[in-house]
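Chain identifiers are assigned alphabetically (A, B, ...) following the order of the sequence lines, protein sequences preceding nucleic acid strands; residue numbering begins at 1 within each chain.
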Amino acid sequence: MSEDRQEQSNELAKAYDPSAIEEKWAAYWVKERLFDTPVESVGAKAFTMLLPPPNVTGRLHMGHMLNQTEMDILTRWHRMLGETALWVPGTDHAGIATQMMVEKQLAAEGKTSRVELGREAFTERVWAWKRQYGGAITDQMRRLGASVDWSREYFTMDEDLSGAVVEAFVRLWEQGLVYRGAYIVNWDPVMGTAVSDLEVVHEERVGKLYFVRYPLAEGEGSITIATTRPETMLGDVAVVVNPTDERYTALVGRQVRLPLSAVSGGQERVIPILADEWAQPEFGTGAVKVTPAHDPNDFAIGQRHGLPSPSIFDAQARVSLAGSKYDGMDRYAAREAIVADLDALGLLVEVKDHGMSVGLSQRSGSVIEPRLSDQWFIKIQPLADKAIAAVKGGHIRFTPEMYEKTYFEWMGNIHDWCISRQLWWGHRIPAWHCVLCGTITVARTEPEACSFCGSTIDLVQETDVLDTWFSSGLLPFTVFGWPETGGGPTADMRAFYPTDLLVTGFDILFFWVARMIMLGTHFMLDVPMPDGSARTLAEAVPFREVYIHALVRAADRQKMSKTKGNVIDPIDIIGRFGTDAVRFTLASMASPGTDIAFSEARTEGYRAFANKIWNAARFLFMNVERGREAGYAVALGSQVSEARSSPQRASSLAGDPELGAPGSVPLETRWIYSRLSAVAAEVERALAVYRFDEAAGAVYQFFWGEFCDWYLELVKVRLEFGREDDTVARLTLEALVEVYEAALRLLSPFMPFLTEEIWHALYAAVGQEAPAKSIALTRFPLAADFARDEAAEASLSLLQELIVSVRALRKEMSVPEKEPAPMLVYSRDIRVVELAIANADTLAKMARVSSVSASAEALSGSGSKSTVSFDVRVMYERVIDVPAERERLTKEMAKLEKGLLASQRQLGNDAFMAKAPAHIVEGLKKQAAETGMLYEKARAALLELEA
RNA sequence: GGGCGGUUAGCUCAGUUGGUUAGAGCGGGUGCCUUACAAGCACUAGGUCGGGGGUUCGAGUCCCUCACUGCCCA
């Protein structure tokens with residue numbers, strides 16, 4: 001057995017090597033199904049989140065990693081608080097992105113195109129691709145250690161989710177909230193589909209503004225119009241001028257001949273000159289052409305004036321005009337040809353450079369062609385109204401709060417949502433066209449007959465599919481089994497809806513967050529509560545809180561992009577520093593509202609932190625082993641130590657007479673428990689408001705700055721085994737292990753791998769069976785688990801001040817590192833002197849002090865240092881560097897004087913004295929007195945130096 | 001054009017409802033291979049809080065204004 005334990009305690013390698021431990025635990029968590037959350041397991045409180053589903057074509061990037069790190073920290077934290085923490089993973093079929101990818105693949109392989117393949121074969125091909133490669137991103141998630149419930153993993157085109165999509169669509173249709181019609185939409189000519197407004201990105205470009213003369217149909221004269229798109233003139237139906245524009249008043253009502261519009265050798269078309277508010281007198285010549293089928297504004301003008309809307313482009317944005325010489329030309333080739341022809345005819349007046357905003361397809365990058373076509377829309381206002389009410393009513397809270405403004409801004413100006421896509425990969429719209437009568441029948445399953453004429457043979461299913469965001473907008477309830485069968489909510493819905501929190505980036509605030517709110521409030525209001533009562537808006541929302549995180553940028557604050565070549569691959573960076581270090585970096589840099597400039601230097605620092613944690617464990621194991629050799633067995637979690645249960649003599653500042661005496665709990669142990677309590681409180685406070693940076697900062701500072709830098713050093717003098725009475729050593733060892741174990745739990749949501757590894761090793765080292773399969777299944781440390789001990793904190797900070805003062809003095813006096821020197825201490829508070837004397841061992845170890853003596857009088861001058869609480873002198877012969885010392889003292893005096901004057905000025909201000917709260921005045925008085933005292937001491941020292 | 005942010009140490013960022021002498025990490029300087037850790041330890045320097053004005057007993061924090069800068073929407 002002891003040999004076993006020996007092996008166990010040596011289990012930790014000398015150096016921390018993340019790659020050696022992370023994959024092992026990642027696989028273990030998945031294999032053991034530690035984070036599965038069956039509905040039967042739901043306790044009193046559930047904490048539910050949905051993972052923003054990555055595209056099935058996706059590869060993990062830093063944004064995912066930030067998102068998942070934050071969600072995982074929260075999930076692990078809630079789970080450790082004893083709640084049923086459910087985090088649902090899944091992937092999105094990502095219509096356009098996936099179809100585009102497979103098409104590219106087909107092209108690269110030189111195989112037949114999508115069209116040649118045919119719809120059925122093509123979609124089968126996409127499925128095959130999905131089966132083979134679609135798991136890449138979820139595999140990467142597993143590697144990150146994301147504590148999701150893999151048993152609930154979904155894909156948006158799974159059978160049940162697809163069924164829910166059909167149900168949602170049909171209900172919206174039945175409610176009159178879906179309509180179909182010919183409208184101008186954003187057309188992506190590369191993908192050959194309509195896209196929504198949100199999928200169009202605008203880019204500033206320098207184009208040309210062409211001035212073209214249109215001759216009047218009758219009589220002499222012409223009107224010159226300005227356009228950025230001369231090629232669309234083939235579809236012109238009018239010229240408009242502003243009604244107030246006196247230059248053109250006489251021309252309104254007359255007609256022009258449209259140049260180049262003749263087809264098959266016929267006549268040029270004749271179109272009217274009309275007055276319309278939309279024409280801006282200051283733009284170009286003040287006269288503009290109207291092409292209703294290829295410009296949304298022109299379409300509106302056409303509607304106002306009852307004009308026709310001839311389309312002149314096909315789906316690939318090629319001219320489609322039988323008999324025209326431009327027929328079949330690409331839109332840009334047509335532009336060149338038309339401009340050349342106009343020039344030849346003397347109709348091209350001028351060409352100017354012109355800055356303009358060009359709409360590009362988010363996915364394919366092609367220039368959007370506004371196009372008149374038959375599309376399906378959702379009448380959005382009724383949904384938006386509820387979505388606005390949900391946030392206004394406080395049923396959904398945004399963090400940072402300012403995103404509420406953005407949300408309202410968008411919701412207030414929302415347009416109907418074009419939900420149809422002319423793609424093959426996606427949820428096919430459940431509508432059937434009757435070839436006979438043209439009626440559309442929308443149904444849950446293929447209808448037997450036309451709903452209008454009853455024809456049973458000529459029904460053709462709609463070829464369009466739904467916008468990807470339609471199905472993902474339904475996820476908060478479809479993943480829990482909506483639509484309900486039998487009228488009531490499903491068991492999952494009862495337990496998990498509404499979800500508690502959504503963590504996401506602002507880039508999908510409108511795409512996804514807003515749509516979930518609209519669709520969630522719309523559909524879920526109809527689902528009764530578990531007790532049968534009607535559901536209120538507060539319970540219909542898809543989530544109660546939204547936390548919007550920042551963008552991860554490259555170190556130089558540039559946006560990461562493939563073209564710039566500055567993309568940081570998380571898998572690569574994980575390979576170099578370990579997942580825990582990368583997670584910690586992201587968490588500690590995640591302050592709300594600020595983008596993260598990802599810094600490798602920081603990651604390096606947090607790998608060092610991981611290494612620190614690692615080495616602290618090795619120190620611990622070494623001492624556990626030493627204790628065992630001396631006959632002590634450390635027990636973990638089986639007993640509550642004295643210090644943990646109650647602070648001792650909370651009133652005493654210092655000078656505890658029993659300090660260090662047999663049976664008492666040493667000062668630094670009381671202190672570390674108190675600090676542990678404080679840091680647990682801080683972490684809880686910070687995580688509750690999504691301040692990952694503050695939470696991470698707090699555990700970092702505690703572990704490194706307090707536990708390692710002070711506690712581990714301080715206990716070294718206590719851990720002397722084999723004495724006649726080694727109660728102190730035993731108590732200390734026990735506390736050491738207990739505090740460390742608690743610190744591991746505190747750290748584990750942030751650094752799950754490292755803490756898991758050490759936690760198991762720790763139990764092995766003390767020869768106990770771990771109380772859980774994973775540290776993730778233990779309880780999170782709470783402030784109340786450990787006693788705050790103000791007295792111990794005050795005493796220890798005095799001791800720290802003494803140590804730091806002596807170290808600084810030694811350095812100033814160039815005392816050789818290894819040479820101990822005596823110290824003298826003076827204080828008006830006798831307890832301070834007693835504290836120093838009682839802790840002479842500690843001072844010896846920490847500050848190389850050979851002896852501690854009390855001074856009867858104040859100390860100043862060379863070799864001494866004063867603080868508000870004490871004077872201290874290091875006794876050492878040395879040659880004083882007078883100029884250096886003079887400079888230091890002069891500088892110090894200047895600083896003190898400045899502070900002193902500032903506080904005196906304020907204290908002399910009657911208005912301040914009259915109006916400021918008492919504690920501020922008192923504090924300032926105390927500060928002024930202390931500063932004055934230190935100033936006097938510095939002055940005395942300077943005088944002595946000059947003497 | 002409309003809207004929302006940001007500007008604090010050499011760099012990257014914190015800084016709660018206005019309150020006592022503005023913090024951290026990295027980087028810099030000096031000294032240490034101190035038996036957990038050189039991926040470490042100790043000590044240390046470094047800031048007119050973008051400019052100007054205002055409110056207040058008191059402003060990094062609130063208001064106005066200017067400059068620079070980023071993002072979203074049209």
Side-chain angles (χ1 to χ4, degrees), chain A residues 12 14-16 197-198 200-202 357 359 400 402-406 408-410 413 415 506-507 509-510 550-551 553 555-557 559 577 581 585 588-623 685-686 689 691 693-694 697 700-701 704-705 708-709 712-713 716 803-812 814-818 845-848 888 891 895-896 898-900 902-903 905-907 909-917 919-928 930-931:
Chain A
L12 293 191
K14 186 159 188 332
Y16 163 63
D197 292 346
L198 281 176
V200 180
V201 289
H202 296 272
S357 171
M402 65 160 177
Y403 283 107
E404 271 188 18
K405 286 187 200 166
T406 314
F408 287 133
E409 185 71 20
W410 188 74
N413 298 299
H415 299 291
F506 61 82
D507 51 329
L509 182 59
F510 306 137
L551 201 70
R553 294 170 173 275
D556 56 2
R557 303 206 62 72
K559 222 172 188 168
F577 300 103
T585 307
S588 67
M589 296 186 83
S591 43
T594 311
D595 285 348
I596 295 175
F598 188 83
S599 153
E600 253 183 49
R602 289 282 287 263
T603 313
E604 242 174 84
Y606 294 124
R607 182 188 51 181
F609 180 49
N611 187 51
K612 190 80 180 171
I613 298 167
W614 186 265
N615 279 297
R618 293 180 57 232
F619 173 77
L620 222 71
F621 293 174
M622 192 184 85
N623 281 290
R685 183 204 63 78
V689 291
R691 289 305 302 259
D693 56 331
E694 292 181 348
Y700 180 90
Q701 169 57 27
W704 199 322
C708 290
D709 286 351
L712 292 189
E713 295 305 322
K716 283 177 184 174
I803 291 165
V804 169
S805 301
V806 172
R807 281 172 178 167
L809 278 171
R810 287 175 55 92
K811 181 108 171 172
E812 275 165 31
S814 310
V815 181
E817 200 81 11
K818 294 198 164 164
K845 166 85 178 65
M846 303 286 284
R848 294 269 176 196
R888 188 184 67 80
K891 223 169 160 182
K895 200 173 161 188
L896 289 167
K898 201 177 146 196
L900 190 58
S903 21
R905 195 176 331 114
Q906 243 187 318
L907 288 168
N909 183 336
D910 293 340
F912 171 76
M913 297 302 281
K915 294 191 180 182
H919 74 278
I920 298 292
V921 176
E922 281 313 304
L924 198 61
K925 276 185 182 166
K926 194 173 157 216
Q927 180 202 313
E930 287 169 359
T931 311

Figure out the [atom1]/[atom2] separation between [X] and [N], and round it to whole Å.
X: A:Arg691; N: B:G23; atom1: CZ; atom2: C1'; answer: 14 Å
X: A:Ile920; N: B:G18; atom1: CD1; atom2: C1'; answer: 10 Å
X: A:Arg810; N: B:A42; atom1: CZ; atom2: P; answer: 15 Å
X: A:Met589; N: B:A24; atom1: CE; atom2: C1'; answer: 12 Å
X: A:Arg807; N: B:C41; atom1: CZ; atom2: P; answer: 11 Å
X: A:Ile803; N: B:A42; atom1: CD1; atom2: C1'; answer: 12 Å
X: A:Tyr403; N: B:C4; atom1: OH; atom2: P; answer: 14 Å
X: A:Lys926; N: B:U21; atom1: NZ; atom2: P; answer: 14 Å

May I ask you to decide if the ring planes of A:Phe510 and A:Trp410 are parallel, tilted or perpendicular, using 30° and 60° as cut-offs?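 A:Phe510 vs A:Trp410 ring planes: parallel.
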So that I can tick it off, tell me whether A:Lys716 and A:Glu713 are bridged by a salt bridge, with the cut-off set at under 4.0 angstrom between side-chain N and carboxylate O. yes
Main-chain N/O of A:Asn611 paired to A:Asn615 side chain as donor or acceptor, under 3.5 Å: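 Pair found, side chain donor or acceptor close to backbone of A:Asn611.
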I'd like to know if the side chain of A:Arg810 and the backbone of A:Arg848 have a donor-acceptor N/O pair within less than 3.5 Å.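 Confirmed, A:Arg810 side chain pairs with A:Arg848 backbone.
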Scan [X] against the nucleic acid and name what it touches under 4.0 Å (heavy atoms): base, sugar-phosphate only, or nothing.
X: A:Thr931; answer: base
X: A:Val804; answer: sugar-phosphate
X: A:Arg685; answer: nothing

Pairwise [atom1] distance for [N] and [M], with rounding to whole Å:
N: B:U61; M: B:G2; atom1: P; answer: 27 Å
N: B:C73; M: B:G10; atom1: P; answer: 36 Å
N: B:U8; M: B:G51; atom1: P; answer: 10 Å
N: B:C41; M: B:U35; atom1: P; answer: 14 Å
N: B:C33; M: B:A42; atom1: P; answer: 15 Å
N: B:G46; M: B:C11; atom1: C1'; answer: 13 Å
N: B:U56; M: B:A14; atom1: C1'; answer: 26 Å
N: B:U48; M: B:G60; atom1: P; answer: 13 Å

In Å, rounded to the nearest 0.5 Å, how long is the span from [atom1] of [X] to [atom2] of [Y]?
X: A:Gln701; Y: A:Glu694; atom1: CD; atom2: CD; value: 13.5 Å
X: A:Lys612; Y: A:Asp709; atom1: NZ; atom2: CG; value: 5.5 Å
X: A:Tyr403; Y: A:Leu509; atom1: OH; atom2: CG; value: 8.0 Å
X: A:Arg807; Y: A:Lys811; atom1: CZ; atom2: NZ; value: 11.5 Å
X: A:Tyr16; Y: A:Ile613; atom1: OH; atom2: CD1; value: 8.0 Å

With the criterion being N/O to N/O and under 3.5 Å, what pairs connect the protein with nucleotides 56-58 of chain B, and how long is each?
| from | atom 1 | to | atom 2 | distance (Å) |
| --- | --- | --- | --- | --- |
| B:C57 | OP1 | A:Lys915 | NZ | 2.0 |
| B:C57 | O2' | A:Asn909 | ND2 | 3.0 |

Tightest non-hydrogen contact, residues A:Leu907 and A:Ala928, listed as CD1-CB, 3.9 Å
Distance-minimising heavy-atom pair for A:Val921 and A:Met913: CG1-CE, 3.8 Å
Which dot-bracket string describes RNA chain B (Watson-Crick N1-N3 plus N6-O4 or O6-N4, or G-U N1-O2 and O6-N3, all under 3.5 Å; [ ] crossing; | other strand)? (((((((..((((.....[...)))).(((((.......))))).....(((((..]....)))))))))))).
Can you find a donor-acceptor pair, distance only, under 3.5 Å between A:Lys811 side chain and B:U44 base?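 No, the side chain and the base share no sub-3.5 Å donor-acceptor pair.
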Taking side chain as C-beta onward, heavy atoms only, is A:Lys925 less than 4.5 Å from A:Glu922? yes
Side-chain donor-acceptor pair present, A:Ser588, A:Tyr700, cut-off under 3.5 Å: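 Note: A:Ser588 and A:Tyr700 side chains miss the donor-acceptor criterion.
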Mapping A:Leu924 and A:Asp693 onto RNA chain B by nearest heavy atom, which one lands closer to the 5' end?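 With A:Leu924 and A:Asp693 compared, the 5'-side residue is A:Asp693.
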How does protein reach along nucleotides 34-40 of chain B, written 5' to 3' as B (base within reach of a heavy atom under 4.0 Å), S (only sugar-phosphate), or - (no contact)? --BB-BS
Would you please confirm or rule out a distance under 4.0 Å between OP1 or OP2 of B:G5 and any side-chain N or O of A:Lys405? yes
